[in-house]
Amino acid sequence: MVSFALHGVGVSGGIALGRAQLVSHATLEVAHYTLLAHQVTAEIDRFSTAVAEVRRELDGLRDALSGGEGPSEFGAFLDVHSMILNDPTLAEAPKQIIADKRCNAEWALTLQLGVLTGQFEQIDDAYLRERKADVVQVGERVLKRLMGRPGVLPAPRAEEQTILVAHDLSPADVIQFKHHRYAGFLTDIGGITSHTAIVARSLNVPAVVATHHARQLIREGEMLIIDGGHHVVIVNPDRAVLAEYRLRQEEIGLARQKLRRLKSKPAQTIDGIRVALNANIELPEDIGPALANGAEGVGLFRSEFLFLNRPELPGEDEQFEAFREVARGMQGRPVTIRTFDLGADKQQAGLGGLTRVAPNPALGLRAVRFCLAEPRLFLTQLRAILRASHYGNVRILIPMLASASEIDQTLAIIARAKQGLHEQGIPFNADVPVGGMIEVPAAVIAIGAFLQRLDFLSVGTNDLIQYTLAVDRSDEAVSHLYDPLHPAVVRLLATAIGRAAKAGVPLAVCGEMAGEELLTRLLLGLGLRDFSMHPSHLLHVKQRVLQTDVAASAAIVERIRRADEPERIAELLVRLNA
């Protein structure tokens with residue numbers, strides 16, 4: 001057997017070894033035949049029955065979730081798929097095609113899926129364009145029902161580890177990983193922001209997507225290695241390669257066991273510098289993993305996830321309950337709640353009719369701009385956060401601030417929210433800290449206004465890098481230009497951290513750079529003392545903190561800060577981590 005490698009996008013790290021198990025791709029296997037006139041009604045009924053069966057499947061998965069059968073992210077994904085299934089463009093339009101063209105239900109659904117995905121492909125925004133995968137996944141579940149194949153994954157072989165190979169997988173498919181214990185999976189399509197990728201990371205399952213032709217090139221039962229960290233799949237590895245990866249897999253397992261011992265150990269450098277390590281969360285259910293990994297607080301609660309994938313807006317009471325649950329659950333630890341950032345990667349045209357698909361969402365009406373344009377919505381959320389502040393150590397964080405006027409407008413609305421609660425006799429912390437996110441270069445250059453008006457700052461490195469380099473990292477054509485170690489990015493970070501320290505204003509980094517252990521010593525050397533990251537990265541970063549002597553690395557960090565060439569910075573970073 002020939003050995004070869006496939007490269008894609010590693011959306012979940014780790015190493016998996018196992019035999020390939022192929023999943024059929026229904027839309028590539030649909031037959032087309034013409035019906036007699038008297039057969040049309042029965043065919044429409046057959047389509048309706050298939051839709052109803054898929055609806056029951058999704059309801060069953062939802063019931064399983066309510067019993068604690070999977071990570072919190074699944075609920076939102078199942079809601080999306082249920083909404084798509086109930087939409088007339090998918091549930092009703094194929095019936096008309098059956099009647100008009102007198103064709104079989106499978107073909108009618110395939111035609112309609114082509115229309116819908118074509119509409120998505122016309123959307124400029126990469127995140128929204130990627131949502132066409134959800135439509136296809138729901139359509140495929142119905143197709144499999146029509147074709148007599150239930151929409152479930154095949155059970156893995158009992159005698160050995162199994163790696164699933166598919167053109168694409170839906171989150172509803174991936175939920176079965178919990179029960180079937182697949183070693184990993186790889187798909188032809190997908191991206192870093194796809195729902196399936198998010199689920200894979202939440203399950204800590206090694207996965208590589210966007211391999212393009214894996215489903216066609218890999219045969220059933222072939223030996224595979226998935227290296228999620230290096231974005232590669234090795235097919236039919238020889239004995240030496242297989243032995244090497246088995247050894248690496250064992251080493252990863254042992255390292256994880258050792259990391260768990262660090263949970264309760266204070267994050268302090270060799271030369272005695274205390275560091276705060278906090279968690280980024282999306283939903284109240286995420287506080288469990290955060291605490292399990294030793295989080296000292298919630299550095300970023302992305303509140304917009306309460307708004308996504310639903311037809312109606314959450315009211316003040318619903319938001320208050322979610323915020324209070326986190327505040328109480330963190331037991332006095334700080335909880336930083338970011339006001340909703342609906343834009344760029346999360347805009348949805350159906351959100352109560354308030355949002356729209358902008359020509360360039362990343363530069364449009366998003367984050368604080370959206371909040372200030374919708375003061376009633378903003379006021380409702382601020383009231384909910386303030387009410388929750390009575391039950392824990394809550395802080396308010398405002399996203400994507402770029403000017404002093406935006407800060408002043410925001411503080412005025414917060415004051416209005418406080419006044420309303422005071423008049424109603426509703427308890428809240430009148431001194432709740434208010435902070436701002438540093439996500440655009442303008443905020444760093446004009447940071448003096450931020451330091452004068454706000455209680456703390458938090459650097460969102462994902463957007464700061466994107467706006468500094470004019471690179472959309474979700475766009476495959478330019479994502480290779482997204483570089484956290486670009487000299488401009490390093491200097492902007494150094495400026496923000498240094499100016500905040502000089503003014504005595506606390507500053508954290510909550511973007512992905514904070515959770516990258518290879519960058520921990522650099523950030524410490526630049527003066528960062530507050531990190532916030534995905535819970536799964538906390539112990540890895542803590543270990544690096546414990547192994548760091550900030551004073552001893554100061555000279556190399558200064559050379560990195562002054563370097564003009566990315567290659568030179570990369571070279572110095574290797575020395576810093578030696």
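Predicted model only: the values in this text are computed from it and were never measured.
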How close do [X] and [Y] get, counting heavy atoms only, and between which atoms?
X    : Y    : value
A494 : L526 : CB-CD2, 3.9 Å
V490 : P484 : CG2-O, 4.3 Å
S3   : I234 : OG-CG2, 4.3 Å
P441 : Y467 : CD-CB, 3.9 Å
V205 : G184 : CG1-CA, 3.6 Å
T461 : M513 : OG1-N, 3.5 Å

Mind checking what makes side-chain contact (heavy atoms from CB on, under 4.5 Å) contact with [X], not counting sequence neighbours?
X    : answer
Q112 : T89, A93, P94, I97, V115, L116
E517 : T520, H540, R544
A16  : I163, A183, P206, I226
A508 : S458, D530

To the nearest 0.5 Å, how far apart are [atom1] in [X] and [atom2] in [Y]?
X    : Y    : atom1 : atom2 : answer
R141 : E53  : CZ    : CD    : 12.0 Å
L492 : H486 : CG    : NE2   : 10.0 Å
S532 : L300 : OG    : CG    : 6.0 Å
I218 : R19  : CD1   : CZ    : 13.0 Å
L58  : S82  : CG    : OG    : 4.5 Å
N293 : L538 : CG    : CG    : 5.5 Å

For this session: Apply side-chain contact (heavy atoms from CB on, under 4.5 Å) to the pair N278 and F531, showing each step before the final yes or no.
Result: CA-CA 6 Å; N278 299 303; F531 296 65; over 6 Å; no
Validation row: [X], [Y] side chains within 4.5 angstrom (heavy atoms):
X    : Y    : answer
L524 : V275 : yes
N104 : T34  : no
L576 : L572 : no
Y482 : L469 : no
L262 : R260 : no
L90  : V138 : yes
R521 : I556 : no
H81  : V54  : no

Restricting to pairs with a member in [range], which pass salt bridge (charged side-chain N to carboxylate O under 4.0 Å, His left out), not counting sequence neighbours?
range            : answer
residues 553-575 : R491-D564, E558-R561, E558-R562, R568-E571
residues 2-17    : none
residues 240-253 : D227-R248

Exercise. Stepwise, does the side-chain contact (heavy atoms from CB on, under 4.5 Å) test hold for T187 with L164?
Worked result: CA-CA 8 Å; T187 61; L164 218 57; over 6 Å; no
Strictly distance-based, threshold 3.5 Å: is any side-chain N or O of [X] a donor or acceptor partner for the main-chain N or O of [Y]?
X    : Y    : result
T269 : D549 : no
E296 : L277 : yes
Q249 : I15  : yes
D286 : L283 : yes

Problem set entry | Pairing residues for E516 by the side-chain hydrogen bond (donor to acceptor under 3.5 Å, both in side chains) criterion, not counting sequence neighbours | none
Exercise. With T211, which residues qualify under side-chain hydrogen bond (donor to acceptor under 3.5 Å, both in side chains), at least two apart?
Worked result: none
Exercise. Among all residues two or more places apart in sequence or in another chain, which pass the ring pair (Phe, Tyr, Trp, His ring centres under 6.0 Å) test with H537?
Worked result: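 Partners of H537 under the ring pair (Phe, Tyr, Trp, His ring centres under 6.0 Å) test: H534.
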Problem set entry | salt_bridge(R366, D463) N-O dist < 4.0 Å |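 Here R366 pairs with D463 in a salt bridge, since their nearest N and O are under 4.0 Å apart.
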Problem set entry | Charged N-O contact under 4.0 Å between E57 and R145 | yes
For this session: Apply salt bridge (Lys or Arg N to Asp or Glu O under 4.0 Å) to E106 and list each qualifying residue two or more places apart in sequence or on a separate chain.
Result: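 R46.
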Exercise. Per the side chain to side chain contact (heavy atoms under 4.5 Å, CB included) rule, which among L22, V136, D188 passes with H167?
Worked result: D188
Problem set entry | Evaluation steps, side-chain contact (heavy atoms from CB on, under 4.5 Å), between H7 and V232 | CA-CA 5 Å; H7 295 272; V232 68; 3.8 Å; yes
Indicate every side-chain donor-acceptor pair of residues 235-243 with a distance under 3.5 Å to a residue at least two apart or in another chain.
residue: N236; atom: ND2; partner: V2; partner atom: O; Å: 3.1
residue: N236; atom: ND2; partner: E222; partner atom: OE2; Å: 2.9
residue: D238; atom: OD1; partner: A240; partner atom: N; Å: 3.2
residue: D238; atom: OD1; partner: V241; partner atom: N; Å: 2.8

Exercise. Which is it for L573 and L522 under the side-chain contact (heavy atoms from CB on, under 4.5 Å) test, yes or no, and what are the steps along the way?
Worked result: CA-CA 8 Å; L573 189 67; L522 172 59; 4.2 Å; yes
